[in-house]
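Below: the structure, in structure tokens.
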Amino acid sequence: MAGGIGSRLQPLTHVTTKHLLPVGPYPMIYHPLYKLRQIGIRSIMIVTSRWNAGDMIRVLGSGSEMGVSITYRVQEEAGGIAQALALAEDFVNGGPVVVLLGDNIFYDHLGPFTEAFRQQKEGAKILLKQVSEPERYGIAELENGQIVSLAEKPSNPRSNYAVTGIYMYDSSVFDIIRKQKPSKRGELEITDVNREYLRRQSLTFDFLPNWWVDAGTHQSLLEANRLASTMDLQI
């Protein structure tokens, strides 16, 4: 998912999308692409905005240089992550899907998590990480080792467990999105999708043990660059 206008990173994003800003020696978008390739996923859809699609294609092309095959879809408006995911329905073609937000930079290998999701056969899985500013994120409230509630950027968070931008869904996610109503900010929220899986008792979760950064602000972009310097993406 590489849409949006990158307002938190202006003026850096006046010319191009935040997903092409450097994180280490590579554009930001290379990091989620590498994480997918690392677990054997070669067929990838990038959902981007109409203003930045040309730049994205110029940088990534077909994906052949990275050993993947990239399909592009354009999200015409800033309508939320769930709206962007809905554009991938035909591409997913009835199978399970791994969704990564293009500004999430993290250390861990996704293999153990996707294998656990494969074993659960249906439903959804989200990955959590303790954060110092929970009001910036979707937050999961836990009791007795279970998620009991999910909130999108709450002003008074009930926990500091952020829902990272790493999601795994079965094909029913698209039916769920079709029944969604826009939030107060006019978007189809991925938190509402996850709430529906929680209501169905088919939402599982794991914790990311190592570092994770949402590189959507100036400070977090700087931190992502510092941490990414320790990684070798082998691109």
Side-chain angles (χ1 to χ4, degrees), residues 1-4 19 29 31-50 53 56-57 60-64 66-102 104 106 108-128 138 140 147 150 152 163-183 187-206:
M1 297 298 158
H19 303 97
I29 194 68
H31 290 262
L33 290 174
Y34 172 74
K35 291 296 183 180
L36 293 173
R37 191 186 71 180
Q38 194 177 41
I39 57 174
I41 293 177
R42 294 290 188 270
S43 185
I44 299 170
M45 172 173 282
I46 293 179
V47 179
T48 188
S49 70
R50 64 187 304 171
M56 191 74 71
I57 293 169
L60 295 174
S62 67
S64 60
M66 292 189 68
V68 298
S69 175
I70 298 176
T71 299
Y72 298 90
R73 288 296 300 271
V74 172
Q75 186 179 19
E76 295 285 349
E77 58 185 359
I81 297 168
Q83 184 198 66
L85 176 54
L87 298 175
E89 183 171 10
D90 291 343
F91 178 80
V92 172
N93 194 30
V97 60
V98 178
V99 181
L100 300 185
L101 301 191
N104 275 219
F106 56 94
D108 292 297
H109 194 295
L110 290 178
F113 307 115
T114 53
E115 182 56 33
F117 176 61
R118 198 176 279 118
Q119 294 299 318
Q120 80 182 54
K121 299 188 185 304
E122 64 179 9
K125 178 181 285 293
I126 59 177
L127 301 184
L128 307 181
I147 296 177
L150 295 163
E152 179 62 26
V163 179
T164 68
I166 306 168
Y167 315 99
M168 299 157 217
Y169 298 113
D170 66 8
S171 60
S172 68
V173 68
F174 300 106
D175 290 329
I176 291 172
I177 294 172
R178 269 189 286 274
K179 296 174 183 176
Q180 271 192 272
K181 303 295 183 185
S183 65
E187 297 186 2
L188 296 182
E189 306 284 358
I190 202 68
T191 296
D192 289 336
V193 172
N194 295 333
R195 282 197 190 108
E196 176 59 21
Y197 279 108
L198 180 62
R199 188 191 69 80
R200 297 180 182 189
Q201 300 183 323
S202 61
L203 177 68
T204 65
F205 70 95
D206 278 309

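Quick note: residue numbers are just sequence positions, from 1.
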Got [X] and [Y] here, is their nearest side-chain heavy-atom distance under 4.5 Å?
X	Y	result
E187	E152	no
V68	S43	no
I39	H109	yes
L150	L203	yes
L101	Y167	yes
L33	I46	yes

Distance, nearest 0.5 Å, that separates [atom1] of [X] from [atom2] of [Y]:
X	Y	atom1	atom2	result
L87	F174	CG	CZ	9.5 Å
L198	I147	CG	CD1	6.5 Å
I190	I81	CD1	CD1	6.0 Å
R37	I44	CZ	CD1	9.0 Å
K125	R118	NZ	CZ	12.5 Å
D170	Q120	CG	CD	8.5 Å

Side-chain donor or acceptor of [X] paired with backbone N/O of [Y] under 3.5 Å:
X	Y	result
Q180	E189	yes
Y72	S62	no
T48	A2	yes
D206	F113	no

(Q) Are there over 12 heavy-atom neighbours, none belonging to Q201, within less than 6.0 Å of that residue's CD? (A) no
Q: Using a cut-off of 6.0 Å, state whether more than 12 heavy atoms not belonging to R50 lie near its atom CZ.
A: no
Taking every non-hydrogen atom, the tightest pair across [X] and [Y]:
X	Y	value
Q75	G80	NE2-O, 3.0 Å
A84	M1	CB-SD, 3.5 Å
A82	V193	CB-CG2, 3.9 Å

Q. Would E122 and R200 pass as an ion pair if we require N to O under 4.0 Å?
A. no
(Q) Checking L110 against Q38 for the side chain to side chain contact (heavy atoms under 4.5 Å, CB included) test, could you report, in this order, the C-alpha distance in whole Å, the side-chain angles of both residues, the deciding distance, and whether it holds? (A) CA-CA 8 Å; L110 290 178; Q38 194 177 41; over 6 Å; no
Q. Side chain to side chain contact (heavy atoms under 4.5 Å, CB included) between E115 and Q119: does it pass, once the steps are laid out?
A. CA-CA 6 Å; E115 182 56 33; Q119 294 299 318; 2.8 Å; yes
Q: Kindly write out the residues that satisfy ring-ring contact (aromatic ring centres under 6.0 Å, His included) with Y197, not counting sequence neighbours, or none if the list is empty.
A: Y169
Q.
According to ring-ring contact (aromatic ring centres under 6.0 Å, His included), who are the partners of F117, at least two apart in sequence or on a separate chain?
A. none
Q) Are D108 and L127 close enough, and set up right, to give a side chain to side chain contact (heavy atoms under 4.5 Å, CB included), and what steps lead you there? A) CA-CA 11 Å; D108 292 297; L127 301 184; over 6 Å; no
